[in-house]
Amino acid sequence: MRNVKVGIHIKLDADIIEFVKARASEPNAAPYQTQINNALREFMEKGSPQGPERLAEAVAGRLLHDPAFIQSVRSKTRKRA
């Protein structure tokens with residue numbers, strides 16, 4: 001069943017969708033739905049054995065090294081200034 005795709009309706013925060021769509025627009029990037037699926041699969045397979053705080057630290061650490069995320073934050077910051 002791993003590769004069987006099932007259509008669902010899910011509501012996610014707008015900034016999450018904006019983030020993955022921005023990453024998907026990069027050259028050779030996976031489509032945004034694939035990125036969401038991959039992130040969910042990683043969480044499902046690896047989980048968070050040390051609790052939600054460790055998961056938050058891991059996600060934050062990855063985001064701080066993600067050029068698309070940094071650019072997204074930069075562009076939002078410029079709009080407010």
Side-chain angles (χ1 to χ4, degrees):
M1 293 282 298
R2 178 181 173 136
N3 292 321
V4 175
K5 303 295 184 201
V6 178
I8 64 166
H9 175 82
I10 184 171
K11 293 184 179 189
L12 300 172
D13 294 338
D15 59 335
I16 291 172
I17 298 300
E18 183 180 320
F19 172 73
V20 292
K21 283 188 173 185
R23 286 180 46 172
S25 70
E26 296 292 319
N28 302 315
Y32 81 98
Q33 290 174 321
T34 300
Q35 292 183 40
I36 293 169
N37 192 73
N38 291 344
L40 290 171
R41 178 167 302 287
E42 180 179 350
F43 180 76
M44 180 183 78
E45 291 175 352
K46 294 181 181 175
S48 181
Q50 297 174 346
E53 294 81 15
R54 283 296 286 166
L55 176 62
E57 290 172 14
V59 170
R62 275 185 268 151
L63 291 176
L64 291 174
H65 298 288
D66 185 321
F69 176 75
I70 299 299
Q71 181 59 36
S72 177
V73 171
R74 185 178 295 132
S75 68
K76 287 182 180 184
T77 304
R78 287 183 184 151
K79 289 177 185 175
R80 293 182 182 165

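Since this is a predicted model, take the numbers as computed values, not measurements.
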* Criterion side-chain contact (heavy atoms from CB on, under 4.5 Å) on I36 and L12, from CA distance to verdict -> CA-CA 11 Å; I36 293 169; L12 300 172; 4.0 Å; yes
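Taking hydrophobic clusters as Ile, Leu, Val, Met, Phe, Trp and Tyr residues chained together by side-chain heavy-atom distances below 4.5 Å, Y32 shares a cluster with V73.
Considering only heavy atoms from C-beta on, E18 stays 4.5 Å or farther from K21 through its side chain.
For the atom pair CD1 of I70 and CZ of R74, the computed distance is 7.0 Å after rounding to the nearest 0.5 Å. Atom CD1 in I16 sits 13.0 Å away from atom CD in Q35 (nearest 0.5 Å). Atom CG of D66 and atom CD of Q71 lie 11.0 Å apart (nearest 0.5 Å).
Taking the ring-ring contact (aromatic ring centres under 6.0 Å, His included) definition, one finds that F19 meets it with F69, sequence neighbours left out.
The two residues A24 and P31 come nearest to each other via the heavy atoms CB-C, 4.0 Å.
In this structure, K76 does not pair ionically with D15, as no charged nitrogen and carboxylate oxygen lie closer than 4.0 Å.
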